[in-house]
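Here is the structure we will look at.
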Protein chains: 2
Amino acid sequence: MKRIAESTVRRLSIYLGFLEDINRRGTTTVSSEQLAKLGGTTSAQVRKDLSLFGSFGKRGLGYSVAELLGRLRQIMGLERRWRVCIIGAGKIGAALAQFEGFAQRGFDVVAVYDSNPARIGEMLGELRIRDVAFLERDAETEKFDIAVLAIPPRGAQKMADRVGRAGIGAILNFVAGQLTAPPKVAMRTVDMAMELEALSFALTNRD
Amino acid sequence: MKRIAESTVRRLSIYLGFLEDINRRGTTTVSSEQLAKLGGTTSAQVRKDLSLFGSFGKRGLGYSVAELLGRLRQIMGLERRWRVCIIGAGKIGAALAQFEGFAQRGFDVVAVYDSNPARIGEMLGELRIRDVAFLERDAETEKFDIAVLAIPPRGAQKMADRVGRAGIGAILNFVAGQLTAPPKVAMRTVDMAMELEALSFALTNRD
DNA sequence: ATAAGTTTGTGAATGATTTCACAAGCGTCA
DNA sequence: TGACGCTTGTGAAATCATTCACAAACTTAT
């Protein structure tokens with residue numbers, strides 16, 4: 001299959017969210033125009049995005065909500081649940097560990113790690129904070145799919161490399177600053193300071 | 001000035017981070033090639049990005065770290081500090097309120113709001129949680145520049161609109177689902193579930 | 001003072017993404 | 001059935017972003 005642009009993936013995710021809404025409302029059919037309105041894009045864009053994966057619509061009618069929902073889930077790999085471990089039980093890590101939004105969307109947080117002896121053993125919601133020394137051992141038996149990195153920048157690259165060597169295929173990175181994805185590992189970075197800087201830029205350079 | 005692409009702004013933010021590092025190390029000069037290596041891009045890209053705002057380099061030598069740092073801060077609007085209020089003192093909002101990364105980069109969290117009477121009045125670090133009913137009144141006197149939205153999706157659009165009417169010029173949105181920026185308000189959305197979905201896609205469709 | 005070695009700034013070329021525009025397919029209604 | 005109205009799927013065109021490539025400008029060495 002041809003390479004799919006990151007912007008396309010983001011939009012698919014958006015469409016998926018709308019379809020879940022629409023489906024809950026009981027509507028059975030939706031047009032590219034309606035999806036476009038909801039997502040702030042154009043109907044041509046919606047159709048192009050979907051056409052990368054096949055022809056799911058009916059001319060004159062639109063898309064079957066149920067079918068498109070299924071297809072998108074399939075395309076996005078959301079027909080299964082994913083096992084997520086969180087590395088770093090600080091403020092951000094702890095908040096993420098208890099964030100309900102993850103489970104709702106198919107991502108189960110199954111382990112939380114920290115390196116601080118004072119925190120290891122504490123409970124965080126349902127989960128007991130584990131010693132990150134056991135990461136590799138646990139990854140072996142518990143088959144984590146995704147690691148969320150929420151630790152201080154110091155040592156973050158080393159930890160990312162450990163994640164890669166432990167056979168975990170993806171990283172969601174909350175560490176600010178440069179971090180290179182280990183080989184064969186998919187990584188997405190959420191840099192909140194960078195988002196604020198983008199707002200600062202927008203506020204400063206608005207006409 | 002011509003419109004600057006979002007991708008460019010993101011890179012400027014990255015360069016800025018590197019320059020701060022480099023400056024701390026005492027290096028006085030840097031080439032586009034070095035910046036490119038650090039940021040995982042090309043030297044031509046770096047020069048193009050910078051050339052959108054002027055000619056800051058010296059041929060044969062590169063850029064003065066101190067000067068480029070100053071210029072970038074100026075371009076990004078980071079010569080001043082920004083006043084940030086956080087709306088929603090749940091898990092995410094509380095974590096953000098105590099996130100040191102913001103202050104380090106020039107963003108001062110000066111107020112936290114919630115609508116839950118049980119939480120109003122509690123301390124969150126240095127800040128007392130205020131009743132969101134006072135948002136507009138406070139915005140008047142305290143001149144918030146940016147509102148961080150960390151509330152449940154229900155009612156989020158209404159809250160965003162209130163932020164806009166209160167004269168706050170920018171929103172950093174952590175609410176999942178569709179949210180339209182009020183008129184004249186710059187908005188950036190951080191959707192963690194969407195990031196995880198992108199990883200799910202990558203894991204599912206890797207070759 | 002000149003030559004050799006760097007590195008910038010920028011048009012031109014390429015590549016990627018979005019938008020346009022329309023033929024073709026489908027449902028509805030008379 | 002046939003005509004009409006709607007909506008898809010998709011090449012072609014337009015727009016946007018990145019990379020190439022090189023003259024010009026600077027430093028350093030001799």
Side-chain angles (χ1 to χ4, degrees), chain A residues 1-16 18-19 22 27-72 75 194 198 201-202 205, chain B residues 1-15 18-19 22 27-72 75 198 201-202 205:
Chain A
M1 189 202 294
K2 66 197 114 355
R3 193 190 143 272
I4 305 298
E6 176 170 320
S7 51
T8 305
V9 176
R10 206 179 54 232
R11 284 192 302 267
L12 292 178
S13 203
I14 292 174
Y15 304 152
L16 186 56
F18 293 146
L19 284 168
I22 293 169
T27 308
T28 62
T29 232
V30 69
S31 71
S32 59
E33 186 59 38
Q34 292 173 291
L35 281 174
K37 281 261 171 54
L38 290 168
T41 179
T42 66
S43 63
Q45 181 76 79
V46 172
R47 295 196 300 277
K48 230 355 161 218
D49 287 341
L50 297 179
S51 77
L52 295 170
F53 303 95
S55 304
F56 311 138
K58 275 207 173 50
R59 292 168 192 234
L61 191 57
Y63 301 87
S64 148
V65 173
E67 188 202 335
L68 189 53
L69 198 47
R71 295 299 200 112
L72 278 182
I75 290 163
M194 193 175 293
F201 179 87
N205 298 287
Chain B
M1 188 201 294
K2 65 198 113 1
R3 194 192 141 273
I4 305 297
E6 176 165 316
S7 51
T8 305
V9 176
R10 207 180 53 232
R11 283 193 301 267
L12 292 177
S13 203
I14 292 174
Y15 304 152
F18 293 146
L19 284 168
I22 292 169
T27 308
T28 61
T29 232
V30 68
S31 70
S32 58
E33 186 59 38
Q34 293 173 290
L35 281 175
K37 281 262 173 54
L38 290 168
T41 179
T42 66
S43 63
Q45 181 76 78
V46 173
R47 294 197 300 276
K48 243 322 177 237
D49 287 341
L50 297 178
S51 77
L52 294 171
F53 303 94
S55 303
F56 310 139
K58 275 208 171 50
R59 291 167 193 232
L61 190 58
Y63 301 87
S64 148
V65 172
E67 189 202 335
L68 189 53
L69 199 47
R71 296 299 200 112
L72 278 182
I75 290 164
F201 179 86
N205 299 287

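Residue numbers start from 1 in every chain, and the chains themselves are labelled A, B, ... in the order their sequence lines are given, proteins ahead of strands. For the numbers below, each heavy atom of this structure counts, side chains included, while hydrogens, waters and symmetry mates do not.
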message: What I'd like to find out is whether the side chain of B:F53 reaches to under 4.5 Å of the side chain of B:L12, using heavy atoms alone.
response: yes

message: Is B:S32 close enough to C:dT8 that one of its side-chain N or O atoms is under 4.0 Å from OP1 or OP2 there?
response: yes

message: Would B:R10 and B:E6 count as a salt bridge (charged side-chain N to carboxylate O under 4.0 Å, His left out) here? Give the steps.
response: CA-CA 6 Å; B:R10 207 180 53 232; B:E6 176 165 316; 5.4 Å; no

statement: Result for 5'-nearest mapping on DNA chain C, choosing between B:F56 and A:T41, is B:F56

task: At under 4.0 Å between heavy atoms, which parts of nucleotides 23-30 of chain C does protein reach? Answer with one letter per nucleotide, 5' to 3': B base, S sugar-phosphate only, - none.
output: BBBB----

- request: Could you walk me through whether A:L50 and A:L72 pass the side chain to side chain contact (heavy atoms under 4.5 Å, CB included) test, one step at a time?
  value: CA-CA 9 Å; A:L50 297 179; A:L72 278 182; 4.2 Å; yes

statement: To the nearest 0.5 Å, atom NZ of A:K37 lies from atom OG of A:S32 at 10.5 Å

query: Residues from residues 42-49 of chain B sitting under 4.0 Å of DNA chain C, heavy atoms only?
result: B:R47, B:K48

message: Between P on C:dT18 and CG on A:L50, what's the gap in Å once rounded to a whole number?
response: 14 Å

message: Quick check for you: to the nearest 0.5 Å, what is the distance between A:Q45 atom CD and A:S7 atom OG?
response: 7.0 Å

message: Quick one, B:D49 and B:T41 - any side-chain contact, counting heavy atoms below 4.5 Å?
response: no

- request: Take the protein atom CG of A:L52 and the nucleotide atom C1' of C:dA16, then report the distance between them rounded to whole Å.
  value: 13 Å

B:L68 side chain near B:Y15 side chain, heavy-atom distance below 4.5 Å: no

query: Does some side-chain heavy atom of B:V65 sit less than 4.5 Å from a side-chain heavy atom of B:T28?
result: no

query: NA contact type, B:T8, heavy-atom cut-off 4.0 Å: base, sugar-phosphate, or nothing?
result: nothing

Side chain to side chain contact (heavy atoms under 4.5 Å, CB included) between B:V46 and B:R11, worked out: CA-CA 8 Å; B:V46 173; B:R11 283 193 301 267; over 6 Å; no

query: 5' to 3' on DNA chain D, which nucleotides open and close the contacts with chain A (atom under 4.0 Å from a heavy atom)?
result: D:dC6 to D:dA12

task: Give, for atom OG of B:S43 and atom NZ of B:K48, the distance between the pair rounded to the nearest 0.5 Å.
output: 12.0 Å

- request: Check whether any side-chain heavy atom of B:I4 sits under 4.5 Å from a side-chain heavy atom of A:F201, and report yes or no.
  value: yes

